[in-house]
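Every chain is numbered from 1, with letters handed out A, B, ... down the list of sequences. FYI, side chains are in, hydrogens and waters are out, and symmetry mates aren't considered; it's all heavy atoms of this structure. None of these values were measured; they are calculated from a predicted model.
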2 protein chains.
Amino acid sequence: MMLPTQAKQTLESALAEHGLRSTRQRECVFAVVAASMDHPTADAIYSRVRESLPGISLATVYNTLETLVSCGLVRQVNFEREPSRYCPLSEPGKHHAHFHCTRSGKVFDVHLPESFMKDLEALLPPMFRIDKVDLCISGQNRGENPSGHVEPD
Amino acid sequence: MMLPTQAKQTLESALAEHGLRSTRQRECVFAVVAASMDHPTADAIYSRVRESLPGISLATVYNTLETLVSCGLVRQVNFEREPSRYCPLSEPGKHHAHFHCTRSGKVFDVHLPESFMKDLEALLPPMFRIDKVDLCISGQNRGENPSGHVEPD
DNA sequence: ACTGATAATTGGAATTATTCCAATTTCAAG
DNA sequence: CTTGAAATTGGAATAATTCCAATTATCAGT
């Protein structure tokens with residue numbers, strides 16, 4: 001897993017902003033998450049990262065994921081009490097929700113337009129300052145999959 | 001903790017619909033949750049229930065909460081990876097979100113109007129059948145509390 | 001390059017909410 | 001009452017995550 005130069009810049013400046021160093025481990029974990037569209041768990045990330053960094057420890061994967069989340073590069077997603085999943089967070093201003101198919105276990109991103117976020121904000125008492133919004137929808141995907149044909153997952 | 005006759009009816013019929021019996025333990029756990037506006041954890045519910053049923057086990061509290069959730073009487077609420085919290089679910093058709101104050105730890109219900117739920121549905125690919133929506137907003141409550149005066153939690 | 005100070009990583013132990021399980025108790029119906 | 005199913009119980013087990021002390025890597029200043 002190699003990190004494109006541009007992504008490397010992104011990582012390094014985000015870390016620097018928080019007074020943190022860029023390391024091989026952080027680069028690699030970031031590269032794996034950035035390349036993963038399937039919302040992997042820490043464990044799955046661990047095994048993917050080990051393909052390029054066999055000696056990395058699970059503790060470091062957890063530490064790094066926490067670091068990346070706090071730098072705003074990665075998002076942690078929780079469904080019920082399942083193990084946390086992680087996804088890349090490219091544009092900081094853009095919000096997305098998650099659809100969790102209870103049949104297949106797959107997770108889909110759902111883009112949330114600015115208008116929707118505004119509506120949501122309007123529903124809250126005005127003195128509640130929003131830091132984070134977690135919206136998870138679960139159900140079953142009975143539709144077309146990306147390959148274009150219909151199947152029940 | 002005594003359960004009002006009407007609530008008892010609700011519980012008994014909901015349980016009966018699922019082929020389940022009403023028991024002292026279930027009545028009491030239900031009564032505690034129904035009377036709790038603070039979104040208690042299983043542990044908190046356990047200690048409240050023990051005031052009327054000192055011999056109840058934590059396992060039963062967990063079992064019962066699961067039962068009540070599956071009967072649609074109680075809602076399980078998760079913030080990040082914190083212990084699950086529970087709240088009464090009076091009207092089955094009515095949706096609400098949760099605002100989690102990161103300063104005080106308090107949880108507030110946020111009513112979601114039907115129009116908002118419709119908007120949300122419209123954002124999803126049409127073949128996604130929604131079973132459940134979990135919306136958690138976290139941030140800080142800098143506003144008036146129910147007693148009417150302003151304080152920083 | 002070298003050195004010291006600081007930060008990051010590591011392996012393994014610890015934590016903790018929750019689930020599991022086998023044994024007992026309760027319940028409702030015949 | 002008896003009997004079979006359902007519910008409860010205490011304690012053990014699970015599993016994701018966090019903690020910790022020891023090692024290793026990195027950076028800044030010489």
To the nearest angstrom, how far is [X] atom [atom1] from [N] atom [atom2]?
{"X": "B/Arg81", "N": "D/dA16", "atom1": "CZ", "atom2": "C1'", "value": "6 Å"}
{"X": "A/Leu65", "N": "D/dT17", "atom1": "CG", "atom2": "P", "value": "10 Å"}
{"X": "B/Leu53", "N": "D/dT8", "atom1": "CG", "atom2": "C1'", "value": "11 Å"}
{"X": "A/Arg85", "N": "D/dA16", "atom1": "CZ", "atom2": "C1'", "value": "14 Å"}
{"X": "B/Ile56", "N": "C/dT24", "atom1": "CD1", "atom2": "C1'", "value": "16 Å"}
{"X": "A/Tyr46", "N": "D/dT17", "atom1": "OH", "atom2": "C1'", "value": "14 Å"}
{"X": "A/Phe79", "N": "D/dA16", "atom1": "CZ", "atom2": "P", "value": "16 Å"}
{"X": "B/Glu82", "N": "D/dT18", "atom1": "CD", "atom2": "P", "value": "12 Å"}

State whether [X] places a side-chain N or O below 4.0 Å from either non-bridging phosphate oxygen (OP1 or OP2) of [N].
{"X": "B/Ser84", "N": "C/dA17", "answer": "no"}
{"X": "A/Gln25", "N": "C/dT10", "answer": "yes"}
{"X": "B/Tyr62", "N": "C/dT18", "answer": "yes"}

Inter-residue atom distance A/Ile137.CD1 - A/Phe79.CZ, 0.5 Å rounding:
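Between A/Ile137 CD1 and A/Phe79 CZ, I get 9.0 Å after rounding to 0.5 Å.
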
| field | Rounded distance (nearest 0.5 Å) linking atom CD of A/Gln6 with atom CG of A/Leu11 | value |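 Here the interatomic distance stands at 12.5 Å.
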
* Option passing side-chain contact (heavy atoms from CB on, under 4.5 Å) with A/Ile45 (candidates A/Ser36, A/Pro40, A/Cys28) ->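 One option only clears the test, and that one is A/Pro40.
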
Next on the checklist: If the test is side-chain contact (heavy atoms from CB on, under 4.5 Å), which one of B/Arg26, B/Gln25, B/His18 qualifies with B/Thr67?
Outcome noted: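 Among B/Arg26, B/Gln25, B/His18, the one that satisfies the side-chain contact (heavy atoms from CB on, under 4.5 Å) with B/Thr67 is B/Arg26.
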
Side chain of [X] - closest among [options]:
{"X": "B/Ala42", "options": "D/dT8, C/dT18, D/dG11", "answer": "C/dT18"}
{"X": "B/Ser57", "options": "D/dG10, D/dA16, C/dT10", "answer": "D/dG10"}
{"X": "B/Arg26", "options": "C/dT10, D/dT17, D/dA7", "answer": "D/dA7"}

Most 5' of B/Asn63 and A/Ala59 on DNA chain C, judged by nearest nucleotide: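 Whichever sits nearer the 5' end wins; that is A/Ala59.
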
**Message:** Reading DNA chain C from 5' onward, which residue's closest nucleotide shows up sooner: A/Leu58 or B/Thr41?
**Reply:**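 Result of the comparison: A/Leu58.
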
ask   = How about A/Asp109 and A/His39: does a side-chain donor come under 3.5 Å of a side-chain acceptor?
value =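 Present: a donor and an acceptor within the cut-off.
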
Quick one: closest heavy-atom pair of B/Ser57 and B/Tyr46, and the distance?
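Heavy atoms only, the tightest pair is C-CE1, 3.7 Å.
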
Report each atom pair, protein N/O against N/O of nucleotides 22-30 of chain D, whose distance is under 3.5 angstrom.
unit_1: D/dT26; atom_1: O2; unit_2: A/Arg21; atom_2: NH1; d: 3.4

- Task: Look at the side chain of A/Thr102 and the backbone N and O of A/Gly139, then say whether any donor-acceptor pair between them is shorter than 3.5 Å.
- Result: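 The answer is yes, because a donor-acceptor pair under 3.5 Å joins these two groups.
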
Check every strand shown and say whether B/Asp43 touches a base, only sugar-phosphate, or nothing at a heavy-atom separation below 4.0 Å.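 No contact.
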
